[in-house]
4 protein chains.
Amino acid sequence: MTRIAVLGTGRIGRMHAENIAAHPRASLAGVYDIHAPAARDVAERLAAPQFDSVDAVLGSDQVDAVLIATSTPTHADLIEAAVAAGKAILCEKPIDLSLKRVNACAATIAGTRLPIMLGFVRRFDPGHAGVRRAIEAGRIGDLHQVAITSRDPGVAPDAYIEVSGGIFRDMTIHDFDMARFILGEEIAELTATGARLVDPALMARCDDYDTVSVLMKTATGKQAVISNSRRAVYGYDQRVEAFGSAGMAISDNQPIDQLRLYGGDFTDRAAPLKNFFIDRYADAFAAEIGAFVDAVEQGSPPAVGFEDGRQALILAEAAIRSVREGRTVKINEIG
Amino acid sequence: MTRIAVLGTGRIGRMHAENIAAHPRASLAGVYDIHAPAARDVAERLAAPQFDSVDAVLGSDQVDAVLIATSTPTHADLIEAAVAAGKAILCEKPIDLSLKRVNACAATIAGTRLPIMLGFVRRFDPGHAGVRRAIEAGRIGDLHQVAITSRDPGVAPDAYIEVSGGIFRDMTIHDFDMARFILGEEIAELTATGARLVDPALMARCDDYDTVSVLMKTATGKQAVISNSRRAVYGYDQRVEAFGSAGMAISDNQPIDQLRLYGGDFTDRAAPLKNFFIDRYADAFAAEIGAFVDAVEQGSPPAVGFEDGRQALILAEAAIRSVREGRTVKINEIG
Amino acid sequence: MTRIAVLGTGRIGRMHAENIAAHPRASLAGVYDIHAPAARDVAERLAAPQFDSVDAVLGSDQVDAVLIATSTPTHADLIEAAVAAGKAILCEKPIDLSLKRVNACAATIAGTRLPIMLGFVRRFDPGHAGVRRAIEAGRIGDLHQVAITSRDPGVAPDAYIEVSGGIFRDMTIHDFDMARFILGEEIAELTATGARLVDPALMARCDDYDTVSVLMKTATGKQAVISNSRRAVYGYDQRVEAFGSAGMAISDNQPIDQLRLYGGDFTDRAAPLKNFFIDRYADAFAAEIGAFVDAVEQGSPPAVGFEDGRQALILAEAAIRSVREGRTVKINEIG
Amino acid sequence: MTRIAVLGTGRIGRMHAENIAAHPRASLAGVYDIHAPAARDVAERLAAPQFDSVDAVLGSDQVDAVLIATSTPTHADLIEAAVAAGKAILCEKPIDLSLKRVNACAATIAGTRLPIMLGFVRRFDPGHAGVRRAIEAGRIGDLHQVAITSRDPGVAPDAYIEVSGGIFRDMTIHDFDMARFILGEEIAELTATGARLVDPALMARCDDYDTVSVLMKTATGKQAVISNSRRAVYGYDQRVEAFGSAGMAISDNQPIDQLRLYGGDFTDRAAPLKNFFIDRYADAFAAEIGAFVDAVEQGSPPAVGFEDGRQALILAEAAIRSVREGRTVKINEIG
């Protein structure tokens, strides 16, 4: 059994704690939250120990690994501390909003052989992962073009947007990782556009965008586009399309049920899409824990590593620069 | 070139005349209608001769074949006359509403080698024919179950219903033929139910039904169900499903266009189905002419013959008896 | 909290125990199985008490309700005992394979106000329930026709088939209940056909069928058809279609993921269907526990009652008689 | 009747001639081709006069309008001559491969009130036009993002590619027009990428690309992406997606039939897409003639005008510059 403690028991941390508890080869080694009652609630529900400090977690010999689900500004510090304590790590994205801090963290932990996994959960979605597997199995031949559509069901609260680091670091970062995952090679340059169409006042106040599109290409000429919006009224729009010389693979959306309605002026009308990322990616979150347990058990590099988190942030920085300067940005300008 | 004259230039006859004129190996040898102005209009539009009597058509050495699209009560007489005149025949269904008259006609024309084709146009639909081809190619293994859904977009005018011979002879007859076509073997027994749910007053007056379901089985145990309604508000519902030991083939519906709409409480909403049988089966009607031309050119038995028309009528008679007597009817009781 | 004990910890019982443990207003009051190690395993995993006899369960004041997931021949006895002990009941279908025994059980428990719920889980499937809700909301107008397709992914082991009571009592019984649920009124008569197409030797030995179709109608003329097969190679085929005067509602199948593949001679190819009933109906099983908890908390009649179980068995008996005698059977002949 | 003569009776010209002949308010006033036998064949099949020179067509008082389907280098000259002769014009795209020549042509014909329509046929596709209509009807709210996928089923012959003017002027030009049509406003800037992934040798020889992606935005921040490939093995991939504040509208692909196959490891597999643009856009080509006849009859500006052809070419020029210079190009740099 891999004994995993959860740091941070907000919405995501709680969900991870449940998945750990339900995993046949993992156990919930304990929970910690800066707000003790939140941790206590989870501890009681899942019959797991509650820790009263990060140090207690990292010092415990009953803990093999930590899942970091605390607020973003604490991630890099906790990674460094956990590495120092010899614990394997599964850290929610992003590592940090500052590439400089991420690079410093990388330097600090350089050489560790501990599994450090980044929580780009979408790689574990059965549909999205199926696209990658289809490519690897040669079912679409050589990959030529990728299209990623990723639209939230609604704008997050103002307080969240204000500290999010902007749409590229907060939301598109998932799609940058997905692009790298599907492409199977590094992006060489990108061009991004941003607009304030959903909530112009909030976006202006935060110097942010709610509607963005990104065009990327790799050194070998493969092309990828990302379409993001902070609000899709029909639900959480999450699609991946990979086009190749011998076919195409599409990971399609998930309506909340399989009901289809027909009426006087329409046919085949489906339900809205699953609205909440924890529902939409429920299978993926569970599979992510499984992949982390595999890595810890085998001492092997995790499916998504620290460097993947760093590369996605580099792409976000490139996109921000592209929008600011209104030009195509080569990725090797960043870093 | 196969020179085909069209008898009867109502809605269906006109459409057939256009398809004949457009076929590369057929020519429209002329048109005739008891109502001369109707024939004249078609003759002028398609630059084809107008005949002033059936005898003139059948006596012309410029006519190789006739397409019979006159009113139902004339079909059997015209078949007999055309056979006597040595013309190949494509006759709209049904041969006659009376099985006795059909049997008499069969006796009269017995031994002819002229191609006599029945207009069960749905056999030529790319989707429905694709189901049959998939079966023949072994793609679904041994056939076990067939489901045919066939619903009109709206009730025909009272005057039509009154002389239609009832839903089984008028509408279900297409599905009986489809069942035989897909099953590839004869039906041994059937049970039918009928109800008056769409227009109870009209149906009661005509001693007819607007909503019927039929359960059939063959000697080898294959099963087929038919669901009919005189009115589907979402359009002309035409589906065929064949289930077998190694898979399933479905011929699905055709919306009027490929537009899909998403809104606040729905996704993937399609347009209504094509509403008019001439639109829905446009490809099939054109292919039917092609199959007829093939049969005439090659002097070979047509894809759908006189006996197919007779067998479908026998099934309709069995269904009528089943509803009247509230019991399963063996097909060999009829005939 | 409603304290529910689980009797029988085979595959289904274990799954129910997990759902009970996970439900916010229910607790797992304990488990019992005639094979003690099976119960122990579940008890340990879910940190619940293990009982060493049915009497201990029924005698415990820590138990409000029992979920009966033991072998079929014990169901009726356990229902009678649980009622005598004042426990609410959620019993897996069927109540018994013998209608006589079911009727005796009904007589024994007559007058009880305890919630007694039957495990017709499909009523709780979001898609199937959505069809019923669409009807109740008037979205398809007056209901005219229902089509239920229900095909297992593979034939159950011989040992299971041999004691199953035959396909109508074992498998079609779910569809009979679904027909009643969707129709919203009682079935007046039915005609069934059965064939041995999947595993003829096994079926002959058991005097059973692996491929059946049923045609039903209600007193008001509504029609329903059921298509069953013991083996669909593409997965667990579970569809419900309701056609009405103002539209149609379809509960469609569930592929295992949302991947769509395109290649040189095909497009839009989806994954196989979910293969295992516990996966396919996972949401429904969880919702079923919720509905039972509601009934117990409120002391109200459950969504699916004892009489629903009896009526479905009556329809199965009618189907058996219909196949044996090759005729339409009126439901009031049975009972 | 609008009397339309067809100049150029290659594949497209012939198809237009048939559509004109079939249109109830148009007549085929004659055909001309530099290769007389090609014109004769069409003239005979459609019973229309054959002209022996362009001058004869333009000088005829039996001709109200000309449809220009000759080779691209002749288009601008023919437009000028037809305007001088007072004939309405429907001209296949492009006006010319040279923007300079297009601008000169615009200057020459400035002030004419004759209907001059450009053959951007896709605007008349029921699905694509449905997207635009959905936007105009407010069904998706304010438009935010557009995605156009347009992939040919196979690379055109080398000889065609060599004189095509390159993918942006030859193929993407349709998508530039579609972007303007759907967006309903002008594009302010674009970034294009091109790669040689399908036929690198041919593309290198022609200094051309076979795989391109384009990112565009308008002055108000609306975003559009285009994905093009010269070869999609699964058929002619033609999709348009419009995302807005209140929903989404998608014009989806057209398989060659409605057959769906299920097998041991797949479900819901559809046929390949229609492969040939004349089949895929058959309805659109017919509707285009209708729109032209409307414009001529009413003396009103056609649905797609000369300026639309010029603007699409400007976008193609901008894309070429963007790829050459590896940068975002403002559209007002071109012209």
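Chain letters run A, B, ... following the sequence lines, proteins first and then strands; every chain starts at 1.
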| Would you say D:R196's side chain and D:D208's backbone share a donor-acceptor pair under 3.5 angstrom? |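 Pair found, side chain donor or acceptor close to backbone of D:D208.
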| said: Tell me whether D:D125 contacts the main-chain N or O of D:H128 through its side chain, where contact means a donor paired with an acceptor under 3.5 Å. | reply: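 Yes.
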| message | With side chain to side chain contact (heavy atoms under 4.5 Å, CB included) as the criterion, how do D:L313 and D:I173 come out once you've worked through the C-alpha distance, each side chain's angles and the decisive distance to 0.1 Å? | response | CA-CA 7 Å; D:L313 186 61; D:I173 198 165; 4.3 Å; yes
Find the one option among [options] whose heavy-atom pairs under 4.5 Å with chain D are most numerous.
{"options": "A:K222, A:R231, A:H144", "answer": "A:H144"}
{"options": "A:L197, A:V198, A:V225, A:T220", "answer": "A:L197"}
{"options": "A:K217, A:E189, A:M248", "answer": "A:M248"}

| query | Are D:E136 and D:R132 within salt-bridge range, i.e. N to O under 4.0 Å? | reply |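 So D:E136 pairs with D:R132 through a salt bridge.
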| message | Please determine whether a side-chain nitrogen of the Lys or Arg among A:K330 and A:E186 lies less than 4.0 Å from a carboxylate oxygen of the Asp or Glu. | response |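 Looking at A:K330 and A:E186, the cut-off is not met.
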| field | Best-contacting candidate, D:D237, D:L215, D:V214, D:T149, against chain A by heavy atom pairs under 4.5 angstrom | value |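 Heavy-atom pairs under 4.5 Å are most numerous for D:L215.
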| For chain A, which of D:D142, D:I140, D:T211 has the most heavy-atom pairs under 4.5 Å? | D:T211
Examine whether an atom of [X] lies under 4.5 Å from a heavy atom of chain A, and if so say whether it belongs to the side chain, the backbone or both; otherwise answer neither.
{"X": "D:S322", "value": "neither"}
{"X": "D:N228", "value": "backbone"}
{"X": "D:V212", "value": "backbone"}

| task | Measure the shortest side-chain to side-chain distance between A:I226 and A:S213 over non-hydrogen atoms and say whether it is less than 4.5 angstrom. | result |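 They are not in contact (no side-chain heavy atoms under 4.5 Å apart), so the answer is no.
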